[in-house]
Amino acid sequence: MIRIAIQAKGRLNEESTTLLRETGIVIDESKRKFLSQALNFPIELLYMRDDDIPQVVSNGTASLGIVGLNEVEERGLPVQIESRLGFGGCRISLAIPKSETYEGPAWFEGKRIATSYPNILRRYLQEKGIRADIEIITGSVEIAPAAGIADAIFDIVSSGGTLVSNGLKEVERVFESEAVLISNGKLDPEQRKLLDEILFRIDSVKISRDKKYLLMNLPKASLEAALQILPAMRSPTVMPLADEGWCSLHSVVSTADLWEKVQQLKAIGAEGILVLNVDKLIP
Ligand code: PRT
Ligand code: ZN
């Protein structure tokens with residue numbers, strides 16, 4: 001049995017449970033308690049506030065955790081990053097009132113900066129040789145300048161909308177974050193095996209999320225051109241069709257390239273192009 005701590009509610013909860021579901025771990029959400037066992041895998045889910053996850057993992061209450069890299073960095077506890085999960089992307093940035101002129105980090109000398117991430121901020125200021133006062137605030141950091149609590153803030157930004165609506169501008173991106181799977185490195189051999197299995201499944205979920213499966217009919221004369229357009233994992237699959245001059249071509253492409261590839265394939269005569277989601281891709 002292995003125990004994983006995930007956020008009980010908040011921005012990372014849904015994607016954490018979705019990821020576990022996609023790795024085939026079934027949790028009965030209707031019977032969810034603060035500690036729930038999966039129905040078909042020897043794993044227990046411990047639902048916590050995100051702030052506490054690095055600690056419960058480092059002290060061994062849970063062997064694994066899913067949490068923002070920002071929390072891991074801020075707490076500075078001995079945990080290992082096992083996988084970057086590709087969701088919960090954000091950054092921690094310095095922001096100042098938009099009316100201020102900004103020419104570089106020296107602006108912050110002698111200023112008061114409000115944040116919930118004092119350790120990451122302290123390290124940044126030290127690195128830049130800047131002396132500033134850090135005001136620790138746990139919520140609604142963005143209102144600190146208008147409320148007269150601080151001159152600037154150091155806070156999480158994703159779209160930037162919150163900064164704009166509070167009359168602030170982002171001037172330094174200090175730390176890039178995303179959700180990560182952490183462990184405490186104190187796993188027994190059975191738990192290590194379970195973690196390896198989970199990591200293997202997470203990898204195939206991550207790879208497949210970025211892929212589409214393409215099927216199309218193609219004039220045989222265009223096959224060479226199609227092979228240039230579609231460098232699939234080994235090579236695309238080509239199958240004969242009843243009509244002698246045509247074949248059926250199957251391939252996997254990355255989602256980012258999909259529309260460009262489709263246009264190129266249409267231009268060489270591909271017809272009936274079918275695009276399917278890839279459920280799992282085992283490399
Ligand atoms: O209750 P609990 O303590 O578990 O949750 P929480 O309220 O502390 O955290 P939560 O659920 O807000 O965030 C959990 C994690 O999500 C964070 O630690 C980050 O790793 C990640 N994350 C990703 C974010 C954001 N994006 C984000 N935008 N966390 C917070 N925000 C805030 C940001 O501070 C800003 O005030 O959302 C606001 C909107 O951001 P903009 O830039 O899109 O306007
Ligand atoms: Zn929190």
Side-chain angles (χ1 to χ4, degrees), residues 3-20 27 29 32-36 45-59 61-62 64-77 79-98 113-124 134-147 149-183 202 206 209:
R3 185 181 289 168
I4 184 168
I6 68 168
Q7 194 188 23
K9 52 181 198 290
R11 277 164 216 272
L12 301 181
N13 165 266
E14 200 178 317
E15 286 189 273
S16 303
T17 44
T18 302
L19 176 69
L20 292 174
I27 308 130
E29 281 285 330
R32 188 182 125 172
K33 301 188 218 74
F34 83 97
L35 187 64
S36 293
L45 276 72
L46 176 64
Y47 295 94
M48 310 237 43
R49 290 200 56 186
D50 68 342
D51 317 52
D52 300 329
I53 292 177
Q55 191 182 339
V56 297
V57 173
S58 74
N59 72 17
T61 307
L64 308 176
I66 296 179
V67 67
L69 189 57
N70 51 309
E71 290 297 331
V72 176
E73 181 76 9
E74 177 62 23
R75 309 282 146 184
L77 293 164
V79 295
Q80 264 158 253
I81 311 292
E82 299 286 348
S83 180
R84 293 182 165 252
L85 301 175
F87 61 85
C90 58
R91 52 199 188 266
I92 315 182
S93 294
L94 281 160
I96 64 173
K98 71 171 189 285
I113 310 170
T115 189
S116 314
Y117 294 92
N119 293 325
I120 300 176
L121 177 57
R122 198 171 297 117
R123 235 169 285 143
Y124 173 81
I134 300 176
E135 305 286 342
I136 302 170
I137 301 188
T138 50
S140 303
V141 172
E142 65 279 359
I143 65 164
I149 301 166
D151 305 300
I153 67 166
F154 179 63
D155 198 14
I156 294 186
V157 181
S158 63
S159 67
T162 302
L163 294 184
V164 171
S165 57
N166 284 280
L168 300 169
K169 62 181 177 189
E170 183 177 13
V171 292
E172 298 289 341
R173 294 179 172 213
V174 173
F175 186 80
E176 296 289 332
S177 182
E178 68 183 284
V180 290
L181 177 71
I182 56 172
S183 81
I202 287 176
K206 281 199 299 201
R209 275 185 181 170

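As the structure is a prediction and not an experimental result, all values here were calculated from the model. One-based numbering, in listed order, for ligands and for the atoms of each.
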* D51 backbone or side-chain N/O/S under 2.8 Å from the Zn ion (ligand 2) -> yes

* Can you tell me which residue and heavy atom of the protein come closest to atom 14 (C) of ligand 1, and the distance to 0.1 Å? -> D50 OD2, 3.4 Å

* Any idea which part of D155 is under 4.0 Å from ligand 1, heavy-atom wise: side chain, backbone, both or neither? -> side chain

* Kindly indicate whether the side chain of K206, heavy atoms from C-beta on, has any atom under 4.5 Å from the side chain of L19. => no

* What protein heavy atom sits nearest atom 41 (P) of ligand 1, and how far off is it? -> S159 OG, 3.3 Å

* To do: Show which atoms of ligand 1 fall inside a sub-4.0 Å distance from at least one heavy-atom site of D51.
  => 3 (O), 8 (O)

* To which of V180, N70, I6 does the heavy atom nearest atom 18 (O) of ligand 1 belong? -> N70

* Go through ligand 1 atom by atom and flag the ones less than 4.0 Å from a non-hydrogen atom of G68. => 20 (O)

* Locate the shortest heavy-atom distance separating P54 from D50; write the atom from each residue and the value. => CD-O, 3.5 Å

* Asked: Got an N/O contact under 3.5 Å between G160 and ligand 1?
  -> yes

* Would you find more than 12 non-hydrogen atoms of other residues, nucleotides or ligands less than 6.0 Å from E176 atom CD? -> yes

* Any side-chain heavy atom of R91 within less than 4.5 Å of one from V174? -> no

* To do: Can you sort out which atoms of ligand 1 are near G161, meaning under 4.0 Å from one of its heavy atoms?
  => 42 (O), 44 (O)

* Structure fact -> One finds that the ligand 1 atoms under 4.0 Å from a non-hydrogen atom of Q7 are 2 (P), 4 (O), 5 (O), 9 (O), 10 (P), 11 (O), 14 (C)

* atom 28 (N) of ligand 1: the protein heavy-atom neighbour that sits closest, reported with distance to 0.1 Å -> S158 OG, 3.0 Å

* **Distance flag for atom 7 (O) of ligand 1, protein heavy atom under 4.0 Å** => no

* Asked: With distance as the sole criterion, is a donor-acceptor pair present between the side chains of E170 and S93 under 3.5 Å?
  -> yes

* To do: Could you list the atoms of ligand 1 found under 4.0 angstrom from a heavy atom of V157?
  => 42 (O)

* **Nearest non-hydrogen partners of E142 and D155, listed with the distance** => OE1-OD2, 3.8 Å

* Asked: Given side chains that start at C-beta, do those of I66 and I53 come closer than 4.5 Å, heavy atoms only?
  -> no

* Structure fact -> For K9, the ligand 1 atoms with a heavy-atom partner under 4.0 Å come out as 4 (O)

* Asked: Under 4.5 Å between any side-chain heavy atoms of F87 and T18, yes or no?
  -> no

* **Flag side-chain contact, heavy atom, 4.5 Å: V157 against R173** => no

* Side chain or backbone of T162 under 4.0 Å from ligand 1, or both, or neither, by non-hydrogen atoms? -> both

* Taking atom CD of E178 as the centre, does the number of heavy atoms from other residues, nucleotides or ligands within less than 6.0 Å exceed 12? -> yes

* Just need the protein heavy atom nearest to atom 1 (O) of ligand 1, so name the residue and atom and give the distance. => R49 NE, 3.6 Å

* Measure the shortest side-chain to side-chain distance between I153 and N166 over non-hydrogen atoms and say whether it is less than 4.5 angstrom. => no

* Starting from atom 11 (O) of ligand 1, locate the nearest protein heavy atom and write down its residue, its atom name and how far away it is, to 0.1 Å. => R11 N, 2.8 Å

* Asked: Do V141 and F154 touch side chain to side chain, with heavy atoms closer than 4.5 Å?
  -> no

* Under 4.0 Å, heavy atoms only, figure out whether ligand 1 is touched by the backbone of C90, its side chain, both or neither. => side chain

* Proximal ligand 1 atoms for G10, defined as those under 4.0 Å from one of its heavy atoms -> 11 (O)

* Structure fact -> At under 4.0 Å between heavy atoms, what of I156 touches ligand 1? The answer is both

* With a 4.5 Å heavy-atom cut-off, do L35 and R3 have their side chains touching? -> yes

* Asked: Do you know which N/O/S atom name in D50 is closest to the Zn ion (ligand 2)?
  -> OD1

